[in-house]
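Every number for a ligand or one of its atoms is a count from 1 in the order of the listing.
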Amino acid sequence: MKVLKFGGTSVGSAERMKKLSKLIVNDEPKIVVLSAMSGTTNSLVEITTLLRQGKKSDAAAAVNRLEENYARVVAELYDTDDYTEKAAGVLKQHFELLRSFSPERFSDKEERLILSQGELMSTALQNIYLNEHGVPSVLLPALAFMRKDQRDEPDMYFIREVLLRELALHPECTLFITQGYICRNFQGEVDNLKRGGSDYSASIIAAAIGAKEVQIWTDIDGFHNNDPRVVEKTHSISHLSFDEASELAYFGAKILHPTCVIPVQESKIPLWIKNTMNPEAFGTLISAETGPGAIKAVAAKDNITAIKIKSGRMLLAYGFIRRIFEVFEEYKTPIDMITTSEVAVSLTVDDTLNLDKIVGCLKCFGYVEVDHNMTIICVVGNKISESRGLAAKVFNALADIPIRMISFGGSRYNISLLVESVYKKKAMEALNENLF
Ligand code: ASP
């Protein structure tokens, strides 16, 4: 069994859904994981925001707009009245639900329920289309098997048990369609795997059933050696190790959700990135093996805030860094990069929701300096921190760019550098020219 995941653009219109069917209908047994149609989750977020703000009629108008889009898709997608009615009937239920919420009784639970509607609709529409064309595909309800435990991690035992049971109900079936992103939490409430989480769904499913491989279908020929939106002349990378891919996914390569690598890495299941626009292209194969060349790629993560805490009390003290970390833990704010000197610690965060409170607490330890609009530039490769001369090459390339922080040796697979965002393009171009 293979697991194939298609993102929002692959189901973004009636035409794309028809094309998608051509890619997935063959004899190979597979589970197809779908995102919501592109734009839907953003619209659902907008609806929840309006409801939270008490703007009931604006929320209703946003629901109407979304419904009109879906009505157009249904009108174009199906050939027969029977199947058009079937699809319209399913959508009606979802839109009735979306209209049933009111600002007076609106909590996180209702919000998560609203956010789950996109994937439920896209998978239903695609499955009905396949059935209309005589393909006996089966819809697997992710809300029945995809569950998180108390630590917010996938409950792999439960997922495996239920999924295998569901699959066994259809021994003849070779094409299963299921929802990415959505799940239940340990209390059984509808929840999700965070924005972009459909990749994660696919790799969790693959690990749970011991799939042969996972394919993440997107609209680019795999990971590129640099960000094609920022620099010219990039090329796709044919092979990456799981570790290299995780670093790239985390540090800005939008192509893959960062957590997605974890389940397949643990189960050693190869993961492909493939291009829906160019299915013949090789793409990127992510596995336990790496490809040739020490330096694989450069990626960047924007909207980073750097925080420096300076204190003479740090000198020869122990427990100081733990106390600083505890502040971030208290406000559930992950730290990306960290560097220390004997009297100062610099670290970066991308979540600034609780920044003021965090800075307030940190001031108890000493002088605090905050810099916004920073970018982490990350150079990723195989055993990069152990290869002679590579660091020199990186720093030579960046000779003209002021660097605020350097993180080297933390992992064998990356060198991270913090620069002001205004220098991002220049830095990425210089690295492109000098490293590849
Ligand atoms: N539909 C969700 C989102 O837009 C999940 C996904 O597409 O992966 O974030």
Point to revise | Glu119: numbered ligand 1 atoms lying under 4.0 Å from its heavy atoms | key: 1 (N), 2 (C), 5 (C)
Check your understanding: Backbone or side chain, does any N or O of Thr41 fall under 3.5 Å from an N or O of ligand 1?
Key -> yes
Exercise for review: Consider every N or O of Asp199 and every N or O of ligand 1, then say whether any pair is closer than 3.5 Å.
Suggested key: no
Exercise for review: Any salt bridge (charged side-chain N to carboxylate O under 4.0 Å, His left out) involving residues 7-19? Give me the pairs, sequence neighbours left out, ordered by first then second residue.
Suggested key: Glu15-Lys19
Review point. Which residue owns the protein heavy atom closest to atom 4 (O) of ligand 1, what's the atom, and how far is it?
Key: Arg195 NH2, 3.0 Å
Point to revise | ligand 1 contacted by Gly7 (non-hydrogen, < 4.0 Å) | key: no
Exercise for review: If you have a sec, work out which protein heavy atom is nearest atom 7 (O) of ligand 1 and how many Å separate them, to one decimal?
Suggested key: Ser35 OG, 3.0 Å
Point to revise | Contact check, Gly196 vs ligand 1, heavy-atom distance below 4.0 Å | key: yes
Check your understanding: In chain order, what residues pass the salt bridge (charged side-chain N to carboxylate O under 4.0 Å, His left out) check against Asp191, with sequence neighbours excluded?
Key -> Arg112, Lys148
Review point. side-chain contact (heavy atoms from CB on, under 4.5 Å) with Lys30: which of Leu4, Val25, Val3?
Key: Leu4
Check your understanding: Purely on distance, is any nitrogen or oxygen of Tyr181 under 3.5 Å from one on ligand 1?
Key -> no
Check your understanding: What protein heavy atom is closest to atom 6 (C) of ligand 1, reported as residue, atom name and distance in Å?
Key -> Ser198 OG, 3.3 Å
Check your understanding: Hey, does His257 sit under 4.0 Å from ligand 1 if you only count heavy atoms?
Key -> no
Point to revise | Glu76/Arg72 ion pair, N-O < 4.0 Å | key: no
**Study point:** Pairing of Arg52 and Asp108 as salt bridge, 4.0 angstrom limit
**Key:** yes
Exercise for review: Taking atom CG of Asn26 as the centre, report whether more than 12 heavy atoms of other residues, nucleotides or ligands fall under 6.0 Å from it.
Suggested key: yes
Practice item. Using only heavy-atom distances, determine whether the side chains of Thr174 and Glu28 contain a donor-acceptor pair under 3.5 Å. Key: no
